[in-house]
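Only one structure is covered here, and it is reproduced in the block below.
Convention: sequence-line order gives letters A, B, ...; per-chain numbering from 1. The analysis underlying the following values was restricted to heavy atoms, covering all of them including side chains, and did not include hydrogens, waters or symmetry mates.
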Amino acid sequence: MSTPKSEFLKTLTERGFIHQCTDLAALDERLSLGPVAAYIGFDATADSLHIGSLVQIMTLRWLQKCGHKPVVLIGGGTSQIGDPSFRDASRPLLDGELIARNAAGLRQVFSRYLTFGDGPTDAVTVDNADWLDPLRYLPFLRHFGTHFTINRMLSFDSVRQRLEREQPLTLLEFNYMVLQAFDFLELSRHHACVLQMGGSDQWGNIVNGIELARRIDQRQLFGLTTPLLTTSTGAKMGKTASGAVWLNAEKLSPYEFWQFWRNVEDDDVARFLRLFTELPLDEVHRLGQLAGQEINEAKQILAMEATRLAHGEEAARDAAETARRTFEAGEHAAGLPSIDLSRAELDSGVTVAQLLVQAGLSASKSEARRLVLNNGARLNGSLVQDADTPVTAGDLTKGALKLTVGKKRHVLVHVSD
RNA sequence: GGGGGAAUGUCCCGAGCGGCAAAGGGGGCGGACUGUAAAUCCGCUGGCUAUGCCUUCGUAGGUUCGAGUCCUACUUCCCCCA
């Protein structure tokens with residue numbers, strides 16, 4: 001298809017968000033007619049979302065910007081099952097209380113990226129537990145079971161791999177796609193939702209919903225998937241030294257979030273600017289041309305823009321300033337990750353190794369010792385010679401000291417009385 | 001129902017004549033080189049009150065001075081025959 005007419009598809013196409021679409025031309029037509037409600041489902045498997053979901057979140061954000069209505073589906077019901085798509089083993093089952101807590105965390109993340117409310121293009125949140133929990137087994141099977149053939153369900157890549165490896169797929173998990181299909185039907189009926197988006201692994205689940213609505217309601221729905229993101233070296237996106245790149249400030253500070261983007265590989269910069277910022281494409285293009293030393297400018301802009309979206313303008317500026325003071329001026333910038341140590345603990349004799357563990361920079365004292373042996377640990381900028389050296393009040397500057405592991409991981413230790 | 005294989009370091013893959021904290025990769029971390037990048041090279045990659053002690057090879061027992069390694073039972077998975 002040539003250039004889409006609709007603002008939304010045009011943007012998504014240009015910025016590299018589209019992997020597959022069930023009927024791009026018809027969807028484009030529909031989007032050009034007026035506001036459209038579209039949804040993406042998020043299972044409540046953790047109390048925050050991480051960068052792996054950011055592409056999806058950005059598509060919802062663009063949707064809203066282009067004058068349409070985002071519907072955020074929290075999978076309070078489906079989380080009780082666990083999506084088996086492209087997985088070799090089933091997931092641990094989550095209990096209701098945990099799911100509820102996770103769902104609350106998810107809502108918090110979305111509130112930063114979308115505008116919620118009652119207006120025609122305001123985002124809304126729905127929870128599929130509301131309609132899945134009350135379902136009765138036999139009536140459900142009789143109404144909807146006849147529209148799914150096992151033959152077809154088995155043909156989807158998302159489950160076929162599992163079967164080919166002869167890994168067990170339980171009836172429970174196998175039902176996941178049926179329930180997700182039902183979600184789409186439900187949302188099309190009660191929220192006028194005509195489009196479901198998602199990662200490329202969701203293709204099978206999405207198509208099932210479209211088929212179901214076509215058979216039962218004779219309604220045309222659409223599906224659109226985004227590409228699976230890997231870094232240019234082929235690694236899975238979204239890992240840092242300390243774990244996943246969470247979008248929630250309580251789980252990953254804005255500074256660390258900023259650092260993640262700042263450290264992206266050169267070859268990913270242009271692509272990430274298109275996907276994870278809202279900079280105009282000609283600006284993205286200009287930044288993408290930068291090479292060598294200069295590409296660091298583009299990385300700082302990427303970090304700034306991505307952090308602004310996730311944590312707000314002020315937090316983004318603070319993160320940038322903390323990075324500048326730490327890396328360019330070599331100071332003890334206040335915005336660094338920090339831990340507290342009581343004066344009593346200090347006086348009773350704390351070694352560097354113990355402090356490294358407390359700061360989360362080493363998993364164990366043994367690891368801390370090895371780190372020191374490899375010249376990998378610094379105290380206030382100077383190399384630590386012996387991991388068992390006690391830290392003393394003399395190491396403090398303004399009541400704090402700085403531990404550094406490698407070149408990038410800094411933690412401030414505040415000592416209080 | 002019968003026969004044959006497999007399970008290894010809590011990230012993964014994988015070698016392991018009865019002396020094993022256990023080869024080799026990948027990944028991760030650190031160092032050198034750089035640009036807070038990549039590639040490359042080097043080192044490290046169970047814990048601790050640390051020249052020693054403790055915990056690790058699917059689970060539970062057994063043989064042995066000593067078991068990842070041998071025996072028995074069990075669990076799960078794979079292959080072949082019915």
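A donor-acceptor pair shorter than 3.5 Å can be found between the side chains of A/Glu345 and A/Ser342. For A/Gln180 and A/Gln196, the side-chain atoms include at least one donor-acceptor pair closer than 3.5 Å.
More than 12 heavy atoms of other shown residues, nucleotides or ligands fall within 6.0 angstrom of atom CD in A/Glu250.
Screening residues 282-322 of chain A for ring pair (Phe, Tyr, Trp, His ring centres under 6.0 Å) gives A/Phe257-A/His311 as the qualifying pairs, with residues at least two apart or on separate chains. Pairs engaging residues 64-81 of chain A under the salt bridge (charged side-chain N to carboxylate O under 4.0 Å, His left out) rule: A/Lys65-A/Glu278 [sequence neighbours left out]. Applying the ring pair (Phe, Tyr, Trp, His ring centres under 6.0 Å) test to residues at least two apart or on different chains, the pairs with a partner in residues 394-413 of chain A are A/Phe327-A/His410.
A/Leu371 places its CG atom 17 Å from the P atom of B/G28, with the value rounded to the nearest Å. A/Arg262 places its CZ atom 11 Å from the P atom of B/A38, with the value rounded to the nearest Å. Rounded to whole Å, atom C1' of B/G35 lies 16 Å from atom CG of A/Leu302. When rounded to the nearest whole Å, the span between CG of A/Asp267 and C1' of B/G35 equals 14 Å. A/Arg271 places its CZ atom 15 Å from the C1' atom of B/A37, with the value rounded to the nearest Å. Atom-to-atom, NZ of A/Lys408 to C1' of B/A37 comes out at 8 Å; the value is rounded to the nearest Å. The interatomic distance linking A/Asp266 (CG) with B/U36 (C1') rounds to 11 Å, in whole Å.
Here, B/C54 and B/A21 have their P atoms 12 Å apart, quoted to the whole Å. Spacing between B/C65 and B/C12 at atom C1', rounded to whole Å, works out to 37 Å. Using C1' as the reference atom, B/C13 and B/A6 are 15 Å apart when rounded to the nearest Å. Distance check on atom C1': B/C78 versus B/G58 gives 15 Å, rounded to whole Å. Only the C1' atoms considered, B/U8 is 10 Å distant from B/A15, to the nearest whole Å. The gap from the P atom of B/U63 to that of B/C71 amounts to 15 Å, rounded to the nearest Å. Only the C1' atoms considered, B/C70 is 25 Å distant from B/C79, to the nearest whole Å. If you take atom C1' in B/G35 and the same atom in B/G25, they sit 31 Å apart, rounded to whole Å.
Within residues 381-392 of chain A, no residue has a heavy atom under 4.0 Å from RNA chain B. Using a 4.0 Å cutoff on non-hydrogen atoms, the parts of residues 289-300 of chain A near RNA chain B are A/Gly292, A/Gln293, A/Ile295, A/Asn296, A/Lys299, ordered by number. The stretch residues 324-334 of chain A touches RNA chain B through A/Phe327, each having a heavy atom under 4.0 angstrom from the strand.
Judged as a side chain to side chain contact (heavy atoms under 4.5 Å, CB included), and not counting sequence neighbours, the contacts of A/Ala359 are A/Ile339, A/Leu361, A/Leu403, A/Val411. Taking A/Phe42 as the reference, A/Phe110 meet the ring-ring contact (aromatic ring centres under 6.0 Å, His included) condition, with sequence neighbours excluded. Residues passing the ring-ring contact (aromatic ring centres under 6.0 Å, His included) test with A/Tyr39 are A/Phe184, sequence neighbours excluded.
Taking a pair to require two hydrogen-bonding distances under 3.5 Å in either a Watson-Crick or a G-U wobble arrangement, B/U75 pairs with B/A7. The nucleotide B/G19 finds its pairing partner in B/C65, both defining distances of the Watson-Crick or G-U wobble pair being shorter than 3.5 Å. In this structure, B/C48 forms a base pair with B/G52, meeting either the Watson-Crick or the G-U wobble geometry with both donor-acceptor distances under 3.5 Å. Shown here, B/G35 forms no base pair; nothing in the strands shown gives a Watson-Crick or G-U wobble contact with both key distances under 3.5 Å.
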What pairs of donor and acceptor atoms, side-chain ones from residues 126-135 of chain A against any protein atom, are under 3.5 angstrom apart with sequence neighbours left out?
unit_1, atom_1, unit_2, atom_2, d
A/Asp127, OD1, A/Gly76, N, 3.0
A/Asp127, OD1, A/Ala129, N, 2.9
A/Asn128, OD1, A/Gly76, N, 3.2
A/Asn128, OD1, A/Gly77, N, 2.6
A/Asn128, OD1, A/Thr78, N, 3.4
A/Asn128, ND2, A/Thr78, OG1, 2.8
A/Asn128, ND2, A/Asp183, OD2, 2.9
A/Trp131, NE1, A/Asp183, OD1, 2.7
A/Asp133, OD1, A/Gln80, NE2, 3.3

Solution key, residues 16-24 of chain A side-chain donor-acceptor pairs under 3.5 Å, sequence neighbours excluded:
unit_1, atom_1, unit_2, atom_2, d
A/Thr22, OG1, A/Gly223, N, 3.0
A/Asp23, OD1, A/Ala26, N, 3.2

Contact letters for nucleotides 47-57 of chain B, in which S counts primed atoms plus P, OP1 and OP2 and B counts the base, heavy atoms under 4.0 Å:
SBSB-------

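Nearest-nucleotide positions on RNA chain B place A/Ala377 closer to the 5' end than the other of A/Asn263 and A/Ala377.
B/C20 has its base syn relative to the sugar, with a glycosidic angle deviating from 0 by at most 90°.
Using a 4.0 Å cut-off between charged nitrogen and carboxylate oxygen, A/Arg286 and A/Glu283 count as a salt-bridge pair. The residues A/Arg308 and A/Glu305 are annotated as salt-bridged, a charged nitrogen and a carboxylate oxygen being separated by less than 4.0 angstrom. Under the 4.0 Å criterion applied to side-chain N and carboxylate O atoms, A/Glu321 and A/Arg324 are assigned as salt-bridge partners. Of the charged side-chain nitrogens involved, none lies within less than 4.0 Å of a carboxylate oxygen, so that A/Lys10 and A/Asp28 do not count as a salt-bridged pair.
A close approach under 4.0 Å does not occur between any side-chain nitrogen or oxygen of A/Arg409 and OP1 or OP2 of B/U36.
Nucleic acid contact class of A/Val269 (heavy atoms, under 4.0 Å, all strands): none.
Residue A/Lys407 places its side chain closer to B/A32 than to any other of B/A37, B/A32, B/C29.
Of the residues A/Arg101, A/Arg107, A/Lys251, the one that meets the salt bridge (Lys or Arg N to Asp or Glu O under 4.0 Å) test with A/Asp47 is A/Lys251.
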